[in-house]
Peer 1: 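Take this structure first; my questions come after.
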Amino acid sequence: MEAQQVPKTCKVILSDTIAKKLLSEVRETLAKIEGPNASKPTLAAFLSTDDPAALQYAEWSKRTCEENGFNFDLRKVDKENLEEGIIAANNDDQVDGILVYYPIWVGNHSQDKYIKETVALSKDVEGLCHTHLFNMYHNVRFLDPPTNLKKSILPCTPLAIVKTLEYLQIYNPILAYGNRLFGKTITVINRSEVNGRPLAALLANDGATVYSVDITGVQVFTRGEGIRQLRHQVHDKEGWELKDVLPLSDVVIGGVPTEKFKVPTELLRDGAVCINFSSFKNFDGPAVKEKASIYVPSIGKVTIAVLLRNLVRLIANRPRPEGSAPEDPKDAKARSEAFIEG
Ligand SMILES: NC(=O)C1=CN([C@@H]2O[C@H](COP(=O)(O)OP(=O)(O)OC[C@H]3O[C@@H](n4cnc5c(N)ncnc54)[C@H](O)[C@@H]3O)[C@@H](O)[C@H]2O)C=CC1
Ligand SMILES: Nc1nc(=O)c2c([nH]1)NC[C@@H]1CN(c3ccc(C(=O)N[C@@H](CCC(=O)O)C(=O)O)cc3)C=[N+]21
């Protein structure tokens, strides 16, 4: 008798599916806040290196922008002229958001940091300036407390992973907004300033226990017992390694930028959720599909959808043009709430 085919239990979710849903929400929200006769929003993107990864990312972003009713204005400028270029875009009413590709001065983080601070808060579409980062780490969600109509901007790759976890229903909507990861244990393998550390902080602020693993060791990010603290705390886990945290984790997120690194499949919990954001495959595909309940092999398209979502949010946050009638507070609230839970 022929061996009976056992159906695969692992569900593979492609970033395209998640991105499509987000992009349709973005188009809907834009129509709601701008009305039918609005002009296309413009994203100015500054490329000042010949980094092929940045160029490829720029090309993908351009396509997604144009397919969804946004202008993508790629500005290739020399490093020496970058600051002036950004200042001009800050002062240009035709520019709704500014993106700068990093790294620029490789090995000189403070010069890149200076450029991040040169982008105007109101045009910082990637949430990389200090006010946005401070709000994220401190679990402050609005720029204008206590009115709370202007949402603070979150960095795109970490937010793309949050949106992926919402799509997968790892965020539990039965729980209060802001606590929806309570009870979940998540491992993030990467602790860079642009990706892994903000991601660990965001997930812990939403209630998860997060093991943050990098080349030097393990830290835990948590709001403590009963998530009673208002924002996450960080503790070193002396002597702990990846092998100690994998068996504890409901969700494992890989962001290691090397070909040879692979998450050891045998240490994953049966039915774990596995997400890769590295441009290299951090999971052994065929093996992980035998062990995981859900596998998301990449999230690049979600990141770009979130970039456009952030751009629409910047527009929603903007003060109304001078000379226009003051907005009815009810409309302002509705405009802001077009976003809040979504
Ligand atoms: N899909 C997306 O939206 C995006 C993806 N990326 C990709 O994500 C990856 C990471 O980028 P960055 O964070 O900028 O890199 P990075 O080089 O700044 O940081 C790498 C991190 O991984 C850790 N790491 C390296 N080897 C490790 C190991 N064997 N075990 C545990 N931890 C290890 C390092 O300690 C560090 O924390 C890259 O492949 C990049 O192309 C980056 C931006 C956006
Ligand atoms: N200010 C700034 N923001 C960035 O977000 C930024 C940057 N600078 N500089 C360059 C890097 C590079 N980057 C990537 C985006 C997606 C994938 C990615 O993994 N994309 C595909 C996989 C690769 C493929 O299809 O070939 C996917 O996930 O579907 C990789 C790398 C963003 N970057």
Side-chain angles (χ1 to χ4, degrees), residues 12-20 22 43-64 74 82 86 97-107 109 112-113 115-116 118-119 124-129 132-133 153-164 187-200 211-219 240-246 252-264 267 275-283 296-308 310:
V12 178
I13 305 279
L14 300 179
S15 69
D16 213 22
T17 313
I18 308 170
K20 280 206 176 101
L22 282 169
L43 180 60
F46 287 88
L47 185 63
S48 52
T49 67
D50 51 15
D51 174 8
L55 186 60
Q56 194 182 36
Y57 181 56
E59 280 162 5
W60 289 333
S61 306
K62 183 176 176 65
R63 211 179 54 213
T64 309
L74 186 62
L82 180 58
I86 294 171
I98 299 172
L99 186 159
V100 183
Y101 295 103
Y102 299 102
I104 302 165
W105 284 276
V106 178
H109 288 297
D112 280 14
K113 178 78 186 138
I115 292 295
K116 288 178 186 164
T118 305
V119 174
D124 177 26
V125 73
E126 287 202 295
L128 297 179
C129 73
H132 286 140
L133 291 173
I153 300 294
L154 295 167
C156 296
T157 302
L159 181 57
I161 293 165
V162 166
K163 289 288 148 197
T164 298
T187 288
V188 177
I189 316 167
N190 174 312
R191 203 186 301 128
S192 70
E193 273 308 290
V194 282
N195 291 317
R197 190 168 84 91
L199 175 61
Y211 293 111
S212 166
V213 181
D214 81 349
I215 200 84
T216 69
V218 180
Q219 295 182 328
W240 284 43
E241 294 174 33
L242 182 61
K243 71 171 172 46
D244 301 306
V245 297
L246 287 177
V252 177
I253 302 170
V256 176
T258 60
E259 183 61 58
K260 64 174 194 296
F261 175 85
K262 299 286 174 214
V263 174
L267 295 179
I275 301 173
N276 178 53
F277 73 81
S278 169
S279 29
F280 299 90
K281 296 252 165 287
N282 282 188
F283 296 92
V296 183
S298 77
I299 60 129
K301 293 200 168 103
V302 186
T303 309
I304 297 172
V306 162
L307 177 71
L308 297 188
N310 276 357

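Counting from 1, the numbers follow the sequence of the chain as shown. For ligands, and for the atoms within them, numbers begin at 1 and follow the listed sequence.
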Peer 1: Evaluating non-hydrogen atoms only, which member of Phe277, Trp60, Tyr57 is closest to atom 18 (C) of ligand 2?
Peer 2: Trp60
Peer 1: Does Gly196 come within less than 4.0 angstrom of ligand 1, counting non-hydrogen atoms of the residue?
Peer 2: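 Heavy atoms of Gly196 never come under 4.0 Å of ligand 1.
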Peer 1: Between Glu126 and ligand 2, find which residue part has any heavy-atom pair under 4.0 Å and reply side chain, backbone, both or neither.
Peer 2: side chain
Peer 1: Hey, is Phe277 touching ligand 1 through its side chain, its backbone, both or neither, going by heavy atoms under 4.0 Å?
Peer 2: both
Peer 1: Distance-only, no hydrogens or angles: does the Asn310 side chain make a donor-acceptor pair with backbone N or O of Leu154 under 3.5 Å?
Peer 2: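 Pair found, side chain donor or acceptor close to backbone of Leu154.
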Peer 1: Show the atoms of ligand 1 that are less than 4.0 angstrom away from any heavy atom in Gly255.
Peer 2: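 In order of numbering, the contacting atoms are 9 (C), 10 (C).
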Peer 1: For atom 28 (O) of ligand 2, what is the nearest protein heavy atom, given as residue, atom name and distance?
Peer 2: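 Answer for atom 28 (O) of ligand 2: Gly300 N, 2.6 Å.
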Peer 1: Would you check whether Val100 has a nitrogen or oxygen atom less than 3.5 angstrom from a nitrogen or oxygen atom of ligand 2?
Peer 2: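 In this structure, Val100 places an N or O atom under 3.5 Å from an N or O of ligand 2.
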Peer 1: Protein heavy atom under 4.0 angstrom of atom 11 (C) of ligand 2, is there one?
Peer 2: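 Within 4.0 Å of atom 11 (C) of ligand 2, no protein heavy atoms are found.
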Peer 1: Atom 43 (C) of ligand 1: which of Asn195, Val263, Thr258 has the nearest heavy atom?
Peer 2: Asn195
Peer 1: Identify, by atom number and element, the atoms of ligand 1 in contact range of Thr303, meaning under 4.0 Å from any of its heavy atoms.
Peer 2: 2 (C), 3 (O)
Peer 1: Thinking salt bridges, do Asp112 and Lys116 make one under a 4.0 Å N-O criterion?
Peer 2: no
Peer 1: Quick one: look up the protein heavy atom nearest atom 30 (C) of ligand 2 and list residue, atom name and how far away it is.
Peer 2: Ser279 CB, 4.1 Å
Peer 1: Starting from atom 8 (N) of ligand 2, find the nearest protein heavy-atom neighbour and note its residue, name and distance.
Peer 2: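 Residue, atom and distance for the closest contact: Tyr102 N, 3.1 Å.
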Peer 1: Measure from atom 32 (N) of ligand 1 to every heavy atom in Val306, Val194, Asp214 and give the option owning the shortest one.
Peer 2: Asp214
Peer 1: Show the atoms of ligand 1 that are less than 4.0 angstrom away from any heavy atom in Ile189.
Peer 2: 31 (C), 32 (N)
Peer 1: Would atom 21 (C) of ligand 2 count as contacted, meaning some protein heavy atom under 4.0 Å?
Peer 2: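 So atom 21 (C) of ligand 2 has protein heavy-atom neighbours under 4.0 Å.
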